[in-house]
Amino acid sequence: MNSGARNLFILGAASIVIAFLTTTISLVVYHNSGDIYIDRSRPGFLPEKAERKNPDQVEFTFPENGKINKKEITKYQKNFKAQLEELDKFNDPFSPAPLSDESLGIPPGEETPSLESSSTDLP
Amino acid sequence: MKPVVIAIIVLSLASSIFPSTASALTDLQNGAISQNCASIQSSLKSLQKADSRTRVLLGSTYQTLFTNFITPLNLRLVRHSQPNSDLIEIQSDFTELRTKFSKNFIKYSQSLEQLISIDCKNEPEKFYQTLSQTRKLRAKVQDSVQKIHQLLSRHLSATKTLLTTESSK
């Protein structure tokens, strides 16, 4: 192998190693930052179309400038309550039920581990 | 004689501090986990997707409330030289709780992902141990959500007080 061919081989190998390293680092950062869990590009992890807000709908924004009076605060409260109603649509988010033994089809043990902080059945 | 006594005390203390969860699994539970492994994994995968959707929807609503309501109201009050200490405190607590919610969700999701990757058919005890840990982390996410919602109710009450003050002027 002449020196030109050797240099070309080294260049190719180095490129592959660098590409592998940078991809690995990117994936580690993507995973550890938690972005992987809320990535909108992952199919199935996206909110359904019906669940999403209508993008054409103009969201209310309380302007920083303006008067402070009864009318303005009432308007603020009305729109704020509408947002709170959106939150009320979630029925007990992150409740312990889906991970309970019962939900997963695991029979109750004689002595269950005391690691469950959310358990309320125990005396 | 003394080293033996010390060793017994240390061992008994260690066992009380780090209880063995694996031994708490009964044969019936072990068998059920191994037998139903496929359906358990399937339920967990569905839950993972549902949780991500809930996280995104809750997070975007919190973001809207913060940028379109809580912050501009405080800015307007400051501009009129009427800063409300209660509302400012709520804004600061809200920022803190949102960060906590995001961090707790990441920890929980990582644990859930680890749980899904465990071969529950052959390692039911390890699976149950991780499941217990995941439950604890999920409870933390639920706690931060509840705290945020309580804070939002407090914010609404504070604006009612503000309205009463403005009405009486």
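Chain letters run A, B, ... following the sequence lines, proteins first, then strands; residues in each count from 1.
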Quick check on A:S33 against chain B: is it the side chain, the backbone, both or neither that has a heavy atom closer than 4.5 Å? backbone
Which one of B:L162, B:N36, B:V78, B:T159 has the most heavy-atom pairs closer than 4.5 Å to chain A? B:T159
Among B:G31, B:S153, B:S109, which residue forms the greatest number of heavy-atom pairs with chain A at distances under 4.5 Å? B:S109
Is it true that B:H155 and B:F69 have ring centroids separated by less than 6.0 Å? no
Side chain, backbone, both or neither: which part of B:T165 has a non-hydrogen atom closer than 4.5 Å to chain A? neither
Please identify, among A:N69, A:D88, A:N79, A:L87, the residue contributing the most non-hydrogen atom pairs under 4.5 Å to chain B. A:L87
Taking B:F105's backbone N and O only, do any of them form a donor-acceptor pair with B:R55's side chain (distance below 3.5 Å, no angle check)? no
Between B:K103, B:H149, B:Q82, who has the most heavy-atom pairs with chain A when the cutoff is under 4.5 Å? B:H149
Can you say whether B:L163 sits under 4.5 Å from chain A via the side chain, the backbone, both, or neither, judging by heavy atoms? both
Could you look at A:I68 and say if it's the side chain, the backbone, both or neither that has a heavy atom under 4.5 Å from chain B? both
Distance col, row B:S132:OG vs B:L137:CG, nearest 0.5 angstrom, shows 11.0 Å
CZ (A:F9) with more than 12 external heavy atoms under 6.0 Å: no
Has B:S111 got a side-chain atom pairing as donor or acceptor with B:Y108's backbone, closer than 3.5 angstrom? no
Backbone N or O of A:P63 within a donor-acceptor pair of the B:R76 side chain at under 3.5 Å? yes
Go through the atoms of B:K160 and report whether side chain, backbone, both or neither lie under 4.5 Å from a heavy atom of chain A. both
Decide salt bridge (Lys or Arg N to Asp or Glu O under 4.0 Å) for B:R154 and B:D86; before the verdict, give the C-alpha distance in whole Å, the side-chain angles of both, and the deciding distance to 0.1 Å. CA-CA 9 Å; B:R154 212 180 110 200; B:D86 199 21; 3.1 Å; yes
Is the shortest side-chain N to carboxylate O distance from B:K147 to B:D93 below 4.0 Å? no
Please check this pair: side chain of A:D101 against backbone of A:P108, looking for a donor-acceptor N/O pair closer than 3.5 Å. no
Proximity breakdown for A:Y76 and chain B, heavy-atom pairs closer than 4.5 Å: both
So, the part of B:R138 with a heavy atom under 4.5 Å from chain A: the answer is both
Suppose a student defines contact as a heavy atom less than 4.5 Å from any heavy atom of chain A. Which residues in residues 37-46 of chain B would they list? B:I40, B:S43, B:L44
Establish, yes or no, whether a centroid distance under 6.0 Å links the rings of B:Y62 and B:F101. yes
Enclosure of B:Q35 CD (heavy-atom neighbours >12, cutoff 6.0 Å): no
For B:Q110, which residues count as a side chain to side chain donor-acceptor pair (under 3.5 Å) partner, sequence neighbours excluded? none
Chain A contact via B:Q146 - which portion, at a heavy-atom distance below 4.5 Å: side chain
If you count heavy-atom pairs under 4.5 Å with chain A, which of B:L47, B:L58, B:I33 comes out on top? B:L58
Of B:I106, B:V145, B:D143, B:L112, the largest count of non-hydrogen pairs under 4.5 angstrom with chain A goes to B:I106
Around atom CD of B:E96, are there more than 12 heavy atoms of other residues, nucleotides or ligands at under 6.0 Å? no
